[in-house]
Amino acid sequence: MQSSVGNPAAGKRGMNLTLRIWRQKDPAVKGKMVTYKVTDISPDMSFLEMLDVLNEQLIMQGDDPVAFDHDCREGICGMCGVMINGEAHGPQQTTTCQLHMRSFKDGDTIDVEPWRASAFPVIKDLAVDRRAFDRIIQAGGYISVPTGTAPDAHATPVPKNDSDAAFDAATCIGCGACVAACPNASSMLFTAAKVTHLGLLPQGQPERDDRVVNMVAQQDREGFGGCTNIGECSAACPKGISMETISRLNHDLLGALRAGARPKS
């Protein structure tokens, strides 16, 4: 028998957890919380890997696996959004795929739910339809750039403060945690991040007024709530995007409306 002395892995016990997960077959069916048990979960697993273990268990039992959004599993794509114990992405300010099970304790009961917002209808279980974000981007989150030979990178000087702020805003991955965390289900932090990172750069100036007016109008059409500066959006954002971006959006919006810009119908 191999001794555990000098071998940290030996004798290391996994966690046993109770999961209460939202199950909903499709948008037309009423959902409910269903309880599952998982055992011997490594603290080094990500939260999504833990859900994979549960799904393997369900498949082996002939049950329907839990549907959830995921893609890169590297904290970049923004797909993996769920509410964990009432917090967007869970107890750490990170994406769900980068949340590790060492954030929980052996014997814990964990509630897992989808984003709750009328603009994010449930597709199945934990997967929601976030195409409303795509439509906000389509309303103005782009720039007009002539095709042809690209100019040198340093041809258009950008003040460092502006480039830093633009880069910070551009880190938004569109996960929707800001909407899920906001009591009003507002998408203002998302829209502000997209407006800000383009509006601070020279390339974004031609459409600046139309961009902010059309994107704000589109988010209203999508049914997101209004922003009341509660701050939960920034606190839950896995990229730590500041509420200063919302101030920049409001500044641009007011200026555009004064200049006569009106949203497209």
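This is a predicted model, so every value here is computed, not measured.
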Is it true that a side-chain atom of N214 and a backbone atom of K264 form a donor plus acceptor pair closer than 3.5 Å? yes
A181 and A236 have their tightest heavy-atom pair at CB-CB, 3.6 Å
Does a side-chain N-to-carboxylate-O contact under 4.0 Å join D52 and R73? yes
Give the C-alpha distance, both sets of side-chain angles, the deciding distance and a yes or no for side chain to side chain contact (heavy atoms under 4.5 Å, CB included) between C227 and S186. CA-CA 6 Å; C227 174; S186 172; 3.8 Å; yes
Should R135 and Q219 count as side-chain neighbours, where that means a heavy-atom distance under 4.5 Å? no
Between the CD1 atom in I143 and the CZ atom in R211, the distance rounded to the nearest 0.5 Å is 7.5 Å
Beyond-backbone contact of N184 with T228, side-chain heavy atoms, under 4.5 angstrom: yes
Single-linkage hydrophobic cluster L253~L200, side-chain heavy atoms < 4.5 angstrom: no
Would S144 and E207 count as having a side-chain donor-acceptor pair, cut-off 3.5 Å? yes
Side chain to side chain contact (heavy atoms under 4.5 Å, CB included), that's the test. Do R20 and V112 meet it? Break it down for me. CA-CA 6 Å; R20 296 187 346 116; V112 191; over 6 Å; no
Do I123 and W22 share a hydrophobic cluster (ILVMFWY, side-chain heavy atoms under 4.5 Å, transitive)? no
Ring centres under 6.0 Å, that's the criterion: do F68 and F47 meet it? no
Is R23 reaching over with its side chain to a backbone N or O of V34, donor-acceptor style, under 3.5 angstrom? no
Check the pair C172, K194 against side chain to side chain contact (heavy atoms under 4.5 Å, CB included), reporting the backbone distance first and the verdict last. CA-CA 8 Å; C172 171; K194 301 306 178 184; 3.9 Å; yes
Could you grab the distance from atom CD1 of I230 to atom CE of M243, nearest 0.5 Å is fine? 9.0 Å
Any Q57 side-chain heavy atom under 4.5 Å of M60 side chain: no
Between the OG1 atom in T94 and the CD atom in Q92, the distance rounded to the nearest 0.5 Å is 8.0 Å
Under 30°, 30 to 60°, or over 60°: which ring-plane class applies to F133 and F190, parallel, tilted or perpendicular? parallel
Test item: D125 side-chain N/O and A67 main-chain N/O as donor-acceptor pair under 3.5 Å: yes
Any heavy-atom pair between the side chains of L58 and Y36 that's under 4.5 Å? yes
Intermediate values then yes/no, side chain to side chain contact (heavy atoms under 4.5 Å, CB included), D111 and M33: CA-CA 8 Å; D111 288 351; M33 299 294 280; 4.2 Å; yes
Counting only N and O atoms by type, is there a donor-acceptor contact under 3.5 Å from the side chain of Q24 to the main-chain atoms of L126? no
Given side chains that start at C-beta, do those of P202 and V158 come closer than 4.5 Å, heavy atoms only? yes
Under 4.0 Å between a Lys/Arg side-chain N and an Asp/Glu carboxylate O for D26 and K124? no
Can you name the closest pair of heavy atoms from D209 and A261 and give their distance? CB-CB, 4.1 Å
Hey, could you give me the CG/CG distance between D164 and D162, rounded to the nearest 0.5 Å? 9.0 Å
Tell me if a side-chain donor or acceptor on S103 pairs with a main-chain N or O of H100 at a distance below 3.5 Å. yes
Report the distance from atom CD of E232 to atom CD of E87, rounding to the nearest 0.5 Å. 9.0 Å
Is V213 reachable from I136 through a run of I, L, V, M, F, W or Y residues, each pair having side-chain heavy atoms under 4.5 Å apart? yes
Got more than 12 heavy atoms from elsewhere within 6.0 Å of CZ, R116? yes
Could you work out, with salt bridge (Lys or Arg N to Asp or Glu O under 4.0 Å) as the rule, every residue matching R102, not counting sequence neighbours? D44
Identify whether the distance between the nearest side-chain nitrogen and carboxylate oxygen of R262 and D210 falls below 4.0 Å. no
Hydrophobic cluster membership, with links at side-chain heavy-atom distances under 4.5 Å among I/L/V/M/F/W/Y: are I137 and V128 in one? yes
Hey, are the side chains of N85 and P91 touching, using non-hydrogen atoms and a 4.5 Å cut-off? no
Any donor-acceptor N/O pair, R208 side chain to D252 backbone, under 3.5 Å: no
Is the backbone N or O of G199 less than 3.5 Å from a side-chain atom of Q205, with the two atoms forming a donor-acceptor pair by type? yes
Reference residue I41; test side chain to side chain contact (heavy atoms under 4.5 Å, CB included); the match among L54, N16, D106, V53: V53
Mind listing the closest non-hydrogen atom pair of P238 and I173 along with its distance? CG-CD1, 4.3 Å
Has T96 got a side-chain atom pairing as donor or acceptor with C80's backbone, closer than 3.5 angstrom? yes
Quick check: closest heavy atoms across L249 and A192, and the distance to 0.1 Å? CD1-CA, 3.5 Å
Indicate whether the side chain of H89 and that of T95 have a donor and an acceptor atom separated by less than 3.5 Å. no
Could you walk me through whether D168 and K239 satisfy the salt bridge (Lys or Arg N to Asp or Glu O under 4.0 Å) test, starting with their C-alpha distance in whole Å, then the side-chain angles of each, then the deciding distance to 0.1 Å, before giving a yes or no? CA-CA 8 Å; D168 288 344; K239 300 305 176 182; over 6 Å; no
Is it possible for you to say whether L99 and M15 belong to one hydrophobic cluster, with membership spreading through side-chain heavy-atom contacts below 4.5 Å? yes
Should M101 and D108 count as side-chain neighbours, where that means a heavy-atom distance under 4.5 Å? no
Looking at side-chain heavy atoms only, is the closest gap between I21 and L51 below 4.5 Å? yes
Restricting to non-hydrogen atoms, name the atom on T18 and the atom on K37 that form the minimum distance, rounded to 0.1 Å. OG1-NZ, 2.8 Å
For residues Q218 and R221, is any side-chain donor paired with an opposing acceptor at under 3.5 Å? yes
Expected output: side-chain W115 to main-chain V122 donor-acceptor under 3.5 Å: no
Which heavy atom of R248 sits nearest a heavy atom of A165, and at what distance? NH2-CB, 4.0 Å
Examine distances only and state if a side-chain atom of S234 and a backbone atom of I241 form a donor-acceptor pair shorter than 3.5 Å. yes
Mind checking the CD-CD spacing from E56 to Q61? Nearest 0.5 Å is all I need. 12.0 Å
